[in-house]
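Chain identifiers are assigned alphabetically (A, B, ...) following the order of the sequence lines, protein sequences preceding nucleic acid strands; residue numbering begins at 1 within each chain.
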Amino acid sequence: MKYILPLLLLCVFALAFAKKQNAYTSFIDGAKQALPLAKDLLPYLACMLVAVELAKASGVYNLLQFVFEPLLTLLGIPQQLCQLVVLKPFSGSGSLAMLTDLLLTHGTDSFVGRCACVVYGTSETVFYISTVYFGGTSIKKLGWAMAIGLFCSVLSSALGCLFCRLFFV
Amino acid sequence: MATATQTAVELCISLTSVYALWLGVINVAKNCGVVKALSRKTKKLTKKLFGVDDDKICDNLSLNLSANLLGVGNASTPPAIVATKQMDKGDGKMTKGMAMLFVTNACGLQFLPTTTTGILASLGSANPTSIILPCFLTSLTTTLVGILLVSLLYGDKK
């Protein structure tokens, strides 16, 4: 596994060489976007991480966990991931904040940490996509499409944790 | 509470390094025509999957799919928005193609979850690439389930 990334990068640079593309300028142009992107994300992330702290300190976190625990247990999702699973369809920066919090609390190589990574890494913010895609069209009600999108979001959480159990336990 | 905002700052710095690497590498691949080549290869599949005949719409759809697979998020959204508009007949009805585009994007299938592996690495994980396979298998399955459901529920009319 550890050779995947170096191999991939070598392939990309070899391809640029073969296609007579200037890999250096291409890389610089892409990497240039990194700082503005992270800079724009900072206020949202700061706000979301404060919200996570607040929810933990005030007990809202425990309450939410208590309400959703039976459902999560049924789906085989560790209960610590409750907030991440619930928030995922609504907010990208919110779930990123949640992922970081979980990784810092439970450790990057823990079972909960890995489940959190897979839950975060396998689905998009469904509600955000729906507004961006359909905002300029005549479609006002998404109906079944939204139901399928949300179902897939929950399914990816359950399935992700299942695969983690198969791979890491 | 200030530790929370400090975490945000540290996370953004880690993300800058992750973004700088991957946006750089992905841009090299993009300038070599990788996205275009992949979307040309997937065009036939796109036509069947979305039930769309129009060549222009198909171009946008396969461009969106290819960019998603390669993890070029910011390159995948514009063609998706254009394609949704092109498929809109103005009658407020969701077509199979629109539903399919929305669901496949919501499932977020990609070869490499670069943000996640990047954060793992920056927080000191011993094996950040270990989550690649479970991630891929999970989103592959949900994408297939999503496609199946859309075909079932929107299948009779194109």
Option in A:Asp29, A:Val119, A:Leu166, A:Leu142 with maximal non-hydrogen atom pairs under 4.5 Å from chain B: A:Leu142

Residue B:Leu112 versus chain A: region with a heavy atom under 4.5 Å: side chain

When A:Thr125, A:Ile129, A:Ile148 are compared by non-hydrogen pairs under 4.5 Å with chain B, the top option: A:Ile148

A:Phe134/B:Met94 under side-chain contact (heavy atoms from CB on, under 4.5 Å): CA gap, chis, key distance, verdict: CA-CA 10 Å; A:Phe134 295 104; B:Met94 173 89 73; 3.9 Å; yes

Any side-chain heavy-atom pair of A:Ile139 and B:Thr84 under 4.5 Å: no

Part of A:Ser157 lying under 4.5 Å from any heavy atom of chain B: neither

Note, B:Phe102 side chain near A:Val126 side chain (heavy atom, < 4.5 Å): yes

Heavy-atom donor-acceptor pair, A:Asp109 side chain to B:Ala126 backbone, under 3.5 Å: yes

Sorted by number, residues from residues 15-27 of chain A in contact with chain B (heavy atoms, under 4.5 Å): A:Leu15, A:Ala16, A:Lys19, A:Gln21, A:Ala23, A:Ser26, A:Phe27

Most chain A-contacting option - heavy-atom pairs closer than 4.5 Å, from B:Gly108, B:Ala8, B:Ser125: B:Ser125

Among the listed options B:Pro113, B:Ser14, B:Cys32, the residue most often paired with chain A at heavy-atom distances under 4.5 Å: B:Cys32

Contact residues of residues 61-95 of chain A (partner chain B; heavy-atom separation under 4.5 angstrom): none

A:Tyr133, part contacting chain B, at a heavy-atom distance under 4.5 Å: both

pair B:Val34-A:Val12: side-chain heavy atoms closer than 4.5 Å: no

Which atom of A:Gly30 lies closest to which atom of B:Asn27, heavy atoms considered: N-ND2, 3.3 Å

Close side-chain approach of B:Val25 to A:Leu8, heavy-atom, < 4.5 Å: no

Value rounded to 0.5 Å, distance of CZ in A:Phe151 from CG in B:Leu149: 6.0 Å

Side chains of A:Thr122 and B:Thr142 in contact at under 4.5 Å (non-hydrogen atoms): no

Any B:Tyr19 side-chain heavy atom under 4.5 Å of A:Leu41 side chain: yes

Pick from A:Pro43, A:Cys164, A:Ser156, A:Gly149 with the largest number of heavy-atom pairs that fall under 4.5 Å of chain B: A:Ser156

Heavy-atom pair of closest approach, residues A:Cys152 and B:Gly146: SG-CA, 3.7 Å

Structural part of B:Met100 lying under 4.5 Å from a heavy atom of chain A: neither

Test log, rule side-chain contact (heavy atoms from CB on, under 4.5 Å), inputs B:Thr7 and A:Asp101: CA-CA 9 Å; B:Thr7 310; A:Asp101 184 65; over 6 Å; no

Leading residue by heavy atom contact count with chain A [cutoff under 4.5 Å; candidates B:Ala29, B:Gly24, B:Ala99]: B:Gly24

Trace of the side-chain contact (heavy atoms from CB on, under 4.5 Å) decision for A:Leu9 with B:Leu21: CA-CA 10 Å; A:Leu9 297 202; B:Leu21 169 64; 4.1 Å; yes

Heavy-atom contact with chain A under 4.5 Å, split by part of B:Ile26: neither

Best-contacting candidate, B:Val103, B:Thr141, B:Asn31, against chain A by heavy atom pairs under 4.5 angstrom: B:Asn31

Interface residue of largest heavy-atom contact number with chain B, from A:Lys39, A:Glu124, A:Lys32, under 4.5 Å: A:Glu124

Residues in residues 44-58 of chain A that sit under 4.5 Å from chain B, counting heavy atoms only: A:Leu45, A:Ala46, A:Leu49, A:Val50, A:Glu53, A:Leu54

Proximal component of B:Val150, with respect to chain A [non-hydrogen, under 4.5 Å]: both

Close side-chain approach of A:Tyr120 and B:Thr115, heavy atoms under 4.5 Å: yes

Qualifying side-chain hydrogen bond (donor to acceptor under 3.5 Å, both in side chains) pairs, either residue in residues 55-70 of chain B, two or more places apart: B:Lys43-B:Asp59, B:Lys47-B:Asp55, B:Asn60-B:Gln86, B:Asn64-B:Asn105, B:Asn68-B:Ser76, B:Asn68-B:Asn105

Closest-packed option against chain B by number of heavy-atom pairs under 4.5 Å, given A:Leu150, A:Leu162, A:Val132: A:Val132

Exercise: identify the closest heavy-atom pair between B:Cys135 and A:Cys117: SG-O, 4.3 Å

Smallest separation among heavy atoms of A:Phe163 and B:Pro134, with atom names: CB-CB, 4.1 Å

Contact summary for A:Ala31 and B:Ala20, nearest pair of heavy atoms: CB-O, 3.4 Å

N/O donor-acceptor pair under 3.5 Å between B:Tyr154 side chain and A:Ala145 backbone: yes

Residue among B:Ser139, B:Gly92, B:Ala2 with most heavy-atom pairs under 4.5 Å to chain A: B:Gly92

Structural part of A:Ile28 lying under 4.5 Å from a heavy atom of chain B: neither

Contact class of A:Thr137 relative to chain B, heavy atoms under 4.5 angstrom: both

Per-residue contact mode, B:Val9 against chain A (heavy atom under 4.5 angstrom): both

